[in-house]
Amino acid sequence: MIGTLYGVGIGPGDPELITLKAARIIRQCPILAVPQTGDSRQVALSIASQAIADLEQKEILSLPFPMTKNQEELDRNRDRIAGLITAKLLGGHDVAFLTLGDPTVYSTYWYIHQRILEQNLSAEIIPGVPSFCAVAAKLNTALAEADQPIHILPASYPDTEAALSQTGTKVLMKMGKQLESVKEMLKTKGLYHHAKMVQNCGLEQELVCQNLDDAGNAASYFSIILVKEETS
C-alpha cells in the first residue's frame with residue numbers, strides 16, 4: 001500500500017479559518033510535513049495545533065526551504081525534500097504538507113506536488129482560504145466589484161512596476177524587505193493613496209494599516225498590500 005501526499009492549505013493565520021476538510025486530512029495523516037521558510041518557520045504547525053488536538057503525537061518532517069532566487073539551489077532542495085516525502089509514501093504512510101493560505105498561490109508546496117506526480121505517486125491539493133481574501137475582509141472592503149479585474153502580483157520581482165499600470169485591483173504579495181521600494185513605485189504610479197496593507201493577517205502580531213503612512217518602511221514576510229481605486 002502506497003501513501004498519498006496531501007498539500008493542505010490552512011488559511012492565512014486564524015485557526016478558525018481552517019476548513020473542515022483540511023482538519024480531517026490533518027487528523028488522519030500520521031506524518032505532517034512542515035515547511036520552514038524565513039519568518040514562516042513552524043508557523044503553519046502552530047496554527048494547525050490551535051485547531052486540531054494531539055498533533056505532537058504525529059511524526060513531524062521539518063523541511064527547510066532556502067530564501068533564495070538561485071534556481072539551481074532551489075531545485076536541489078526541492079528534489080531532496082521530494083525524496084524524503086517519497087520514502088514516507090513508499091513506506092505506506094500518508095503525508096499532510098501544511099502550507100499557509102492556499103497551496104496553489106505562491107506556495108512552496110507546489111514544487112513538491114509536481115515532483116511526486118512525476119513519479120506516478122498520489123498527491124492531492126486541499127484548498128485553503130487565500131491570504132488576500134482574509135486581508136480584504138480585515139480591511140472591510142471587496143476585492144473587486146462589477147467588471148473590475150484582480151491582479152495578484154509578486155511585489156519583489158522586476159515586472160511589478162509595469163503590472164501596476166493595469167486597471168483593476170492590485171494585490172501585492174511576497175514583498176519581503178522591499179516595502180520602501182514598493183511605496184515609491186505606488187507613488188510613481190499615482191496609486192499610493194489607494195493602497196492599504198495588513199501584516200500578519202490572523203496572527204498575534206497583526207497590524208492593519210488603512211494607509212501606507214501608518215506602515216513605516218518595515219514589512220514582515222506576511223505583508224499584503226491591497227490597491228483598489230474607487231468605483232464610479
Side-chain angles (χ1 to χ4, degrees), residues 1-67 74 77-135 137 152 173-174 200-204 206 221-222 224:
M1 190 75 173
I2 297 176
T4 295
L5 171 64
Y6 296 92
V8 182
I10 62 167
D14 184 345
E16 292 186 327
L17 292 179
I18 296 176
T19 67
L20 293 174
K21 185 170 186 178
R24 176 177 63 80
I25 294 295
I26 292 169
R27 288 190 189 99
Q28 78 179 35
C29 288
I31 301 173
L32 302 182
V34 183
Q36 297 182 6
T37 307
D39 295 341
S40 68
R41 184 180 182 91
Q42 298 295 337
V43 171
L45 181 61
S46 174
I47 294 167
S49 66
Q50 294 175 61
I52 303 159
D54 301 324
L55 294 190
E56 68 276 3
Q57 297 180 14
K58 297 180 180 291
E59 180 181 351
I60 307 296
L61 285 181
S62 189
L63 305 173
F65 284 80
M67 295 293 285
L74 288 170
N77 191 67
R78 291 163 183 167
D79 289 344
R80 182 185 65 81
I81 288 172
L84 292 173
I85 291 175
T86 295
K88 299 297 183 182
L89 301 179
L90 294 177
H93 304 293
D94 290 338
V95 178
F97 189 113
L98 307 186
T99 182
L100 295 168
D102 181 89
T104 65
V105 181
Y106 297 128
S107 170
T108 54
Y109 168 75
W110 174 245
Y111 305 99
I112 308 306
H113 183 88
Q114 291 176 297
R115 285 163 169 76
I116 296 301
L117 291 181
E118 286 169 358
Q119 300 176 75
N120 293 317
L121 297 173
S122 178
E124 297 182 22
I125 293 174
I126 311 300
V129 175
S131 56
F132 51 85
C133 291
V135 163
I152 313 298
M173 304 177 66
K174 295 170 63 70
N200 301 307
C201 187
L203 298 172
E204 184 178 350
E206 180 181 272
Y221 181 77
F222 307 117
I224 294 180

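Excluded from the calculations below are hydrogen atoms, water molecules and symmetry mates; all remaining heavy atoms, backbone and side chain alike, are included.
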Restricting to side-chain contact (heavy atoms from CB on, under 4.5 Å), what partner residues turn up for Thr104, sequence neighbours left out? Asp102, Ile125
What pairs of residues pass the ring-ring contact (aromatic ring centres under 6.0 Å, His included) test when at least one of them lies in residues 81-108, not counting sequence neighbours? Phe97-Tyr109
Compare every heavy atom of Gly9 with every heavy atom of Ala22, then report the nearest pair and how far apart it is. CB-O, 3.8 Å
Could you note down all residue pairs passing side chain to side chain donor-acceptor pair (under 3.5 Å) where residues 81-90 supplies at least one of them, sequence neighbours left out? Glu59-Lys88, Thr86-Gln119
Show the numbers, then the answer: is there a side-chain contact (heavy atoms from CB on, under 4.5 Å) between Phe65 and Ile81? CA-CA 9 Å; Phe65 284 80; Ile81 288 172; 3.5 Å; yes
Using the side-chain contact (heavy atoms from CB on, under 4.5 Å) criterion, which residues pair with Asn120? Sequence neighbours excluded. none
Side chains of Leu32 and Val8, heavy atoms from C-beta outward: is any pair under 4.5 Å? no
Of all pairs that satisfy side chain to side chain donor-acceptor pair (under 3.5 Å), the ones with a partner from residues 8-20, not counting sequence neighbours: none
side-chain contact (heavy atoms from CB on, under 4.5 Å) partners of Cys29, counting only residues at least two apart: Tyr6, Ile25, Asp94, Ala96
Can you confirm whether more than 12 heavy atoms, excluding those of Glu204, are under 6.0 Å from its CD atom? no
Heavy-atom closest pair, residues Thr108 and Pro35: OG1-CB, 4.0 Å
Where Ile18 and Ala23 come nearest, the two heavy atoms and their spacing: CG2-N, 4.1 Å
Working to the nearest 0.5 Å, report the span between CG of Leu121 and CG of Leu90. 5.5 Å
Using the side chain to side chain donor-acceptor pair (under 3.5 Å) criterion, which residues pair with Thr4? Sequence neighbours excluded. Ser122
For Glu118, side chain to side chain donor-acceptor pair (under 3.5 Å) partners two or more places apart: none
At what distance, to the nearest 0.5 angstrom, does CG of Leu55 lie from OG of Ser46? 10.5 Å
Is any side-chain heavy atom of Pro103 closer than 4.5 Å to one of His113? no
Please find the pair of heavy atoms, one from Ile116 and one from Ala82, that lie closest to each other, and give the distance. CD1-O, 3.9 Å
Any side-chain heavy atom of Ile10 sitting closer than 4.5 Å to one from Leu100? yes
Distance check, rounded to the nearest 0.5 Å: Asp79 atom CG versus Leu74 atom CG? 11.0 Å
Please find the pair of heavy atoms, one from Met173 and one from Ser131, that lie closest to each other, and give the distance. CE-OG, 3.5 Å
Taking only residues two or more places apart in sequence or in another chain, which ones pass side chain to side chain donor-acceptor pair (under 3.5 Å) with Arg80? Asn77
Set of residues satisfying salt bridge (Lys or Arg N to Asp or Glu O under 4.0 Å) with respect to Glu124, sequence neighbours excluded: none
Do the side chains of Val105 and Phe132 get nearer than 4.5 Å, heavy atoms only? yes
Taking only residues two or more places apart in sequence or in another chain, which ones pass side-chain contact (heavy atoms from CB on, under 4.5 Å) with Glu206? Lys138, Val198, Cys201, Val208
Compare all side-chain heavy atoms of Trp110 with those of Thr99 and state whether any distance is below 4.5 angstrom. no
